[in-house]
Amino acid sequence: MSAALESSAALYQRVKRVIPPFEWPVFAGDIAAILQLKQERRAVVLAHNYQTPEIFNCVADIAGDSLALAREAMHVDADVIVLAGVHFMAETAKLLNPGRTVLIPDPQAGCSLAESITARDVRLLRERYPGVPVVTYVNTSAAVKAESDICCTSGNARRIVESLGVPRVIMIPDEFLARNVARETGVEIITWAGHCEVHERFTASQIRTLRRENPGVVVLAHPECPPDVVAEADFAGSTAMMSDFVDTRAPARVLLITECSMSDNIAVRHPGIEFVRPCNLCPHMKRITLTNIRTALEEMRHEVSIDPAIAARARAAVERMLAVR
Ligand code: 13P
Ligand code: SF4
């Protein structure tokens, strides 16, 4: 057995439910190298809940939803942050902790929501609806955040909208998240036609079929799903809220209406729970691999930088969000 394989044997015990033994030798060398490089570079890996199990469980120092990653990034005192997630998450980390070197292993890891809107679009919306506050989902570029009053995530969207205490807000760019929040709050919400390419594919009839095929299944949905899908679910919340739900309520059978890797990552710590798995993958999240995390640390690439002309205004919108409790 090679040294890398031997030292990673204990790690394999963590993930053996979701990674077959024949795949493990492919990962073991990269994992050992990343653990070593993290020490040499004084680096930490922040990983989103949609990262694959070998990243999430074996090299991440901090894992969570967008809100948790933003909060944690602010307090990192290591020299380097490697963001195992998509580009807007790396930008948010850089905004909140500008003194650190922030690396994204693949700069092409985007997001269909972030792609759907530009800073100019936001300025035009403001002209059209003067005085209406702009609440911007964190799944956007720093340039779009800079044009906004306040940001939100799927974990705090309702709280952020209610905190404004106004009858009408502009909420961009996720139309479905906005409609889901409008239904919960009674606030009138002007939406934008952006959609998550992963969550828009789920349908209400698919959930009804899966319920019939899997009696007793508890259905948890992400609020980026269409409102009729959320209405079919037993609970809707951010990726961290879904994960907490499973941890605390331990349903015998669960269906997560979200990206595919979530079920794997939760299943690792819940061997007794049956996960029903319709598998929708996020092609952007899946651009991040152990190999490109390793290369990022070896070559100190790809460094995230934000135009100073927009950074301060974008940071202010994110910080206003973090100040709402
Ligand atoms: P969370 O903030 O719930 O983790 O969601 C981020 C995301 O991109 C969901 O598609
Ligand atoms: Fe964007 Fe959807 Fe992928 Fe999340 S799952 S990063 S919202 S495309």
Side-chain angles (χ1 to χ4, degrees), residues 46-52 55-56 60 62-73 83-93 96 104-117 135-141 144-145 151-160 171-181 184 191-202 220-226 229-230 233 235-247 256-266 278-288 318 321-322 324:
L46 268 56
H48 185 260
N49 288 328
Y50 293 162
Q51 292 296 294
T52 50
I55 295 174
F56 186 90
I62 297 165
D65 66 357
S66 312
L67 184 58
L69 294 182
R71 285 195 192 287
E72 295 289 343
L83 205 305
V86 292
H87 194 263
F88 76 81
M89 295 176 178
E91 268 194 341
T92 305
L96 293 171
I104 180 144
D106 185 336
Q108 304 295 320
C111 169
S112 62
L113 284 167
E115 286 304 310
S116 74
I117 192 160
V135 179
T136 295
Y137 196 31
V138 287
N139 297 39
T140 44
S141 65
V144 165
K145 290 182 176 78
C151 287
C152 74
T153 72
S154 59
N156 62 17
R158 176 184 181 159
R159 230 176 324 133
I160 297 294
M171 191 169 183
I172 51 171
D174 188 341
E175 181 194 353
F176 296 148
L177 177 69
R179 282 169 48 195
N180 286 323
V181 171
E184 285 180 355
T191 63
W192 184 256
H195 299 134
C196 162
E197 68 189 84
V198 177
H199 292 95
E200 72 176 351
R201 300 210 301 270
F202 293 106
L220 314 184
H222 195 278
E224 288 171 8
C225 293
V229 171
V230 168
F235 173 82
S238 76
T239 57
M241 289 158 82
M242 286 192 262
S243 182
D244 290 347
F245 185 105
V246 179
D247 288 348
L256 302 182
I257 301 298
T258 192
E259 211 265 357
C260 205
S261 290
M262 270 283 290
S263 296
D264 284 342
N265 291 331
I266 303 179
C279 193
N280 285 359
L281 286 170
C282 172
H284 311 288
M285 287 281 179
K286 265 49 216 183
R287 280 181 173 272
I288 309 300
V318 180
M321 167 186 87
L322 294 175
V324 174

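Residue indices begin at 1 and follow the sequence shown. Since the structure is predicted, the reported quantities are computational estimates derived from the model, not experimental observations. Whatever order the structure lists ligands and atoms in, that order sets their numbers, starting from 1. Atom set for the values below is all heavy atoms of this structure, side chains included, hydrogens, waters and symmetry mates excluded.
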Under 2.8 Å from atom 2 (Fe) of ligand 2, which protein N, O or S atoms are there? Could you list them by chain and number? C196 SG
F176 backbone acceptor or donor facing N180 side chain under 3.5 Å: yes
Is there a heavy atom of H199 sitting under 4.0 angstrom from any atom of ligand 1? yes
Distance under 4.0 Å to a non-hydrogen atom of D65: what atoms of ligand 1 satisfy this? 1 (P), 2 (O), 4 (O)
So, T136 side chain and K145 main chain: donor-acceptor pair closer than 3.5 Å or not? no
Atom 10 (O) of ligand 1 - nearest protein heavy atom and its distance: E224 OE1, 2.8 Å
Residue portion contacting ligand 1 (non-hydrogen atoms closer than 4.0 Å) for V86: neither
Where do C279 and C260 land on the disulfide bond (SG atoms under 2.5 Å apart) test, with the steps shown first? CA-CA 5 Å; C279 193; C260 205; 1.7 Å; yes
Return yes when N49 approaches ligand 1 closer than 4.0 angstrom through a heavy atom, no otherwise. no
Can a donor-acceptor pair be found, under 3.5 Å and without considering hydrogens, that links the side chain of D106 to the backbone of H284? no
Minimum heavy-atom distance between S154 and Y137, given as atom pair plus value: N-CE1, 3.3 Å
N265 side chain to M262 backbone, donor-acceptor under 3.5 Å: no
Ion pair R201/E197, N-O distance below 4.0 Å: no
When you measure from the side chain of W192 to the backbone N and O of S116, does any donor-acceptor pair fall under 3.5 Å? yes
Does H48 have a heavy atom less than 4.0 Å from any atom of ligand 1? yes
Please check if the number of heavy atoms outside E200 that lie under 6.0 Å from its CD is greater than 12. yes
Atom indices of ligand 1, in the order listed, that fall short of 4.0 Å to a heavy atom of S66: 1 (P), 2 (O), 4 (O), 5 (O), 6 (C)
What side-chain donor-acceptor pairs closer than 3.5 Å can you find for residues 237-246, not counting sequence neighbours?
residue, atom, partner, partner atom, Å
S238, OG, D65, OD2, 3.0
S238, OG, A240, N, 3.3
S238, OG, M241, N, 3.2
T239, OG1, N49, ND2, 2.8
S243, OG, R269, NH2, 2.7

Does a side chain donor of either T258 or Y50 reach within less than 3.5 Å of an acceptor in the other side chain? yes
For the 3.5 Å polar cut-off, considering only N or O atoms, please tell me whether S238 and ligand 1 meet it. no
Atom 8 (O) of ligand 1: the protein heavy-atom neighbour that sits closest, reported with distance to 0.1 Å: N139 ND2, 3.3 Å
Measure H222 to ligand 1 on non-hydrogen atoms and call it side chain, backbone, both or neither using the 4.0 Å cut-off. side chain
Can you confirm whether I55 sits close enough to I288 that some side-chain heavy atom of one is under 4.5 Å from a side-chain heavy atom of the other? yes
Determine whether the side chain, the backbone, both or neither of T153 has a heavy atom under 4.0 Å from any heavy atom of ligand 1. neither
Subset of ligand 2 atoms that lie under 4.0 Å from at least one heavy atom of Y50: 5 (S)
